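Here is how names work: the chains are called A, B, and so on, in the same order as the sequence lines, proteins then strands, and each is numbered from 1. Computed from a prediction, not measured in an experiment: that's the story for all the values here.
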Amino acid sequence: MDHVIAERVQRVIKEWCAEQGWTDAPVCLVERPAEETHGDYATPFCMQASKIARQSPRALAEQLSARLLADPDVARVVETVKVAGPGFINFTLSSTAYAEAMRMMLAEGDDIGRGEHHPHPRVNVEFVSVNPNGPLHVGHGRYAAYGDALQRLMKFSGVNLATEFYINDYGRQMDRFGRSIAARYAQSFGVDLPVPPEGYLGDYVVDIATEARAEVGDRYLEALRLAAAERRVAVGGAPSVSVQAPDMAVGDGVYDEETPDDQTEWSDDPAVKEAVAFFRAWGCRSMLDAIRTELEEYGVEFDVWFSETTLHEGGRLERVIDRLLDSGEAYRRDDAVWLRTTSRGDDKDRVLIRANGHPTYFAADIAYHENKLERGFDHLINIWGADHHGYVPRMEAAVEILSGRPGALEVIIGQLVNLLEEGELRQMSTRRGEMVTLGELVEAIGVDAARFFLVSRSQDQTLDLDIDLARRQSQENPVYYVQYAHARIAGIVRNVPEDFEAAVPDDPAVFASPYERALIKRLDGFAGMVQDAAERRAPHRIVGYAQELAADFHVFYKHCRVIGVDPAEASSRLALCLVARRVIARCLELLGVNAPESM
RNA sequence: GCGCCUGUAGCUCAGCUGGAUAGAGCAACGGACUUCUAAUCCGUGGGCCGCAGGUUCGAAUCCUGCCAGGCGCGCCA
């Protein structure tokens, strides 16, 4: 309907401009006015063209509206043409336009709104990508809901796309996690081996240690006794570090390098190292299983799970760094290897290999993104939390160097979730184990409400989530409003007599009410909304659209009966219901929310 | 200090590649169920769109400055 009317109006106006001899006339926009009394469509063309025409916008509009009405193609779908306001031309649609639009939408079936599939470019969307050393928290839930809705939306709009989870299973944080589990394991045997000061103190660490003990018994007990003994010597008899959490948030400025615990480790004894390696691997597998299961229950699945460790083990890092050195994009200075990211807009060059010989996280990320490009992806989308936005310029520069073209990497920064409980801001820390997990949120309000709510706001907006409200809201959450519309339609369809057929008869009396027309117009806007939301990476628009659609349906439902009216009206309304049901179901599917048949 | 994000109704937020009288949900108040599900519908009240300039026929939207909040700025991950 949008295109049908826009094209016809634009053609007439273009012809008219040509007759006037204007070569640089402005583009004629045809849009839906915000105010319903202004008609179904409107164009501000005359205001824009009045300068060239050397006439007032209104005078121009009078001439053009007469011309438009005289055109048979326009007259078919347009009921009235009016000049209004400062010089708008407003149109209202004819009943023929509604009937034609409905026939087209009905014929599209389940594919209504689906974009044409484009095999190129191949797009990779990476999101969530956490260290597997703790449960997912609410912020991850937001990025998961956003990323998954975005990938579903982009696929539906026609993009060739695969999703990916990067497992940060390498490095110091994982070592600390391994030693935290080892300490809990040792403690379960009564050994005084405290959790490291930079370790993880959540109860789930104890659970993992318990599982490990059930599996391996006391196999690592002696090694950890040794670690406890050596450690006591190393700290010179000072009281061992309390098992209680230090009052310290993540990222409070304490440099990791200066943490003595990391420098001394527990012991150089091979048996101790082996024990720590075991608990690190055990914990990683255990957490990863838990995360995968939790995401599945949350309705989020990935095409590829990519382990950072495989980059280090396969010699990939060395290869890519050699390549960068050969090409001159990287260089050596002060015993370190640097990447010349300043050549691509970064503030300063970045270290790839530290003076101590260890690669940085950045180096691993470069190897990883090179791998994505080698796997044939043309466009890489990464969804990161706001706390990583300082990392964006160097990564964009790196991918530009790797791919040879700017813009191959698109980083979408998601803002954080502030949790409010009893009106108080709740600080979160993975290591202290003090946080609201995604699991707790889902338990409180359910998957449907959690996903619907967490994706309902623009991702670049910080989101205040009041836990108490979320708990209470379970009955009045907007998600139920949309689901209820779906269930109501399902009810109608169930109750329709067998011989009923959905169809749009050629009868001017069909779709005469404003309630039916509003619903048809809304449904007609679905395809445009999909394309727009996909291009803008804005799945929250689906939420707004779905609520508006549901509202239009509930009004229709109140005023227009389907069963028990005359046959032409009944079959046309049934057609309207079927299309509405498909579109609501599609919106909910794109959001990862259930579309219930009854409630 | 520099960079990114954000300031819109009592609350949570849409609208931001410029269009007419700025919207929704929640909260408040008043109505509507003999008929396909009342988790619904109808109505009422509620706004210097952070502030000040600029561009434009037209600015919540674009530009500049200021104010306020969040995040970031390491040879950490």
Once you apply a heavy-atom cut-off of 4.0 Å, does [X] come out as touching a base, just sugar-phosphate, or nothing?
{"X": "A:N168", "answer": "nothing"}
{"X": "A:S598", "answer": "base"}
{"X": "A:D349", "answer": "nothing"}
{"X": "A:L463", "answer": "sugar-phosphate"}
{"X": "A:I353", "answer": "nothing"}
{"X": "A:A364", "answer": "nothing"}
{"X": "A:H388", "answer": "base"}
{"X": "A:A386", "answer": "sugar-phosphate"}
{"X": "A:G491", "answer": "sugar-phosphate"}
{"X": "A:C560", "answer": "base"}

Distance (rounded to the nearest 0.5 Å) between A:L64 CG and A:I89 CD1: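 Atom-to-atom, A:L64:CG and A:I89:CD1 are 5.0 Å apart.
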Identify each atom pair where a protein N or O and an N or O of nucleotides 16-19 of chain B are less than 3.5 Å apart, giving names and distance.
from, atom 1, to, atom 2, distance (Å)
B:rC16, OP2, A:R541, NH2, 2.7
B:rU17, O4, A:R536, NE, 3.3
B:rU17, O4, A:R536, NH2, 2.5
B:rG19, O6, A:Q48, NE2, 3.3

[atom1] of [X] versus [atom2] of [N]: gap in Å, rounded?
{"X": "A:F452", "N": "B:rU12", "atom1": "CZ", "atom2": "C1'", "result": "14 Å"}
{"X": "A:L576", "N": "B:rC36", "atom1": "CG", "atom2": "C1'", "result": "14 Å"}
{"X": "A:L454", "N": "B:rC13", "atom1": "CG", "atom2": "P", "result": "12 Å"}
{"X": "A:F553", "N": "B:rC36", "atom1": "CZ", "atom2": "P", "result": "13 Å"}
{"X": "A:D448", "N": "B:rA39", "atom1": "CG", "atom2": "P", "result": "18 Å"}
{"X": "A:Q459", "N": "B:rC13", "atom1": "CD", "atom2": "P", "result": "14 Å"}

Tell me if the side-chain of A:N90 makes a donor-acceptor pair with the base of B:rA20, cut-off 3.5 Å, by modelled atom types.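 Under the 3.5 Å cut-off, the side chain and the base do form a donor-acceptor pair.
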With sequence neighbours excluded, what pairs up with A:S129 under the side-chain hydrogen bond (donor to acceptor under 3.5 Å, both in side chains) test?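 Scan of A:S129 (side-chain hydrogen bond (donor to acceptor under 3.5 Å, both in side chains), adjacent residues dropped) gives A:E126.
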Return the set of residues passing side-chain hydrogen bond (donor to acceptor under 3.5 Å, both in side chains) with A:Y557 (not counting sequence neighbours), or none when no residue passes.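 Listed in chain order: nothing, the list is empty.
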Quick one: salt bridge (charged side-chain N to carboxylate O under 4.0 Å, His left out) pairs with a partner in residues 38-50 of chain A, sequence neighbours left out?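 Passing the test, one end in residues 38-50 of chain A: A:D40-A:K521.
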Just grab all the salt bridge (charged side-chain N to carboxylate O under 4.0 Å, His left out) pairs involving residues 388-400 of chain A, residues at least two apart or on different chains.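 Non-adjacent pairs meeting salt bridge (charged side-chain N to carboxylate O under 4.0 Å, His left out): A:R344-A:E400.
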Roughly how far apart, to the nearest Å, are B:rC66 and B:rG19 at atom P?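 About 28 Å, rounded to a whole number of Å.
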Taking only the P atom of each, what is the distance from B:rG7 to B:rG46 in whole angstrom?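 It comes out at 25 Å once rounded to the nearest Å.
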Identify all pairs in which a protein N or O lies below 3.5 Å from an N or O of nucleotides 40-43 of chain B, and state each distance.
from, atom 1, to, atom 2, distance (Å)
B:rU40, O2', A:R488, NH1, 3.0
B:rC41, OP1, A:Y481, OH, 2.4

Would you please name every residue forming a ring pair (Phe, Tyr, Trp, His ring centres under 6.0 Å) with [X], sequence neighbours left out?
{"X": "A:F177", "answer": "A:Y200"}
{"X": "A:F526", "answer": "A:Y545"}
{"X": "A:H358", "answer": "none"}
{"X": "A:Y143", "answer": "none"}

Side chain of [X] (C-beta onward), nearest among [options]:
{"X": "A:D387", "options": "B:rU6, B:rU35, B:rC71", "answer": "B:rC71"}
{"X": "A:D464", "options": "B:rC75, B:rC13, B:rA14", "answer": "B:rC13"}
{"X": "A:H389", "options": "B:rC36, B:rA39, B:rG3", "answer": "B:rG3"}

Which of parallel (below 30°), tilted (30 to 60°) and perpendicular (above 60°) describes A:F362 and A:Y391?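 The rings of A:F362 and A:Y391 stand perpendicular, inter-plane angle above 60°.
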Non-hydrogen atoms of A:S65 and A:V83 that approach each other most closely: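 That closest heavy-atom pairing would be OG-CG2, 3.8 Å.
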Hey, is the main chain of A:T309 close enough, under 3.5 Å, to the side chain of A:H312 for a donor-acceptor pair?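 Such a contact is absent between A:H312 side chain and A:T309 backbone.
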Test your reading of the model: is there a side-chain donor-acceptor pair from A:R316 to the backbone of A:Y368, 3.5 Å cut-off?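 Side chain of A:R316 to backbone of A:Y368, a donor-acceptor pair under 3.5 Å: no, none is there.
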What's the verdict on side chain to side chain donor-acceptor pair (under 3.5 Å) for A:N382 and A:Y166, showing C-alpha distance, side-chain angles and the deciding distance? CA-CA 10 Å; A:N382 288 2; A:Y166 184 50; over 6 Å; no
Give the stems involving RNA chain B, where a stem is 3 or more consecutive Watson-Crick or G-U wobble pairs (i with j, i+1 with j-1, and so on) under 3.5 Å.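 Result, WC/G-U stems under 3.5 Å: B:1-7 with B:67-73, B:10-13 with B:23-26, B:28-32 with B:40-44, B:50-54 with B:62-66.
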Looking at RNA chain B, which of residues 390-398 of chain A put a heavy atom within less than 4.0 Å of it?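 A:G390, A:Y391 - these, ordered by number, are the residues of the stretch whose heavy atoms sit under 4.0 Å from the strand.
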Take a 6.0 Å sphere around CZ of A:R494 and say whether it holds more than 12 heavy atoms from other residues, nucleotides or ligands.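 More than 12 heavy atoms, drawn from other residues, nucleotides or ligands, come within 6.0 Å of this atom.
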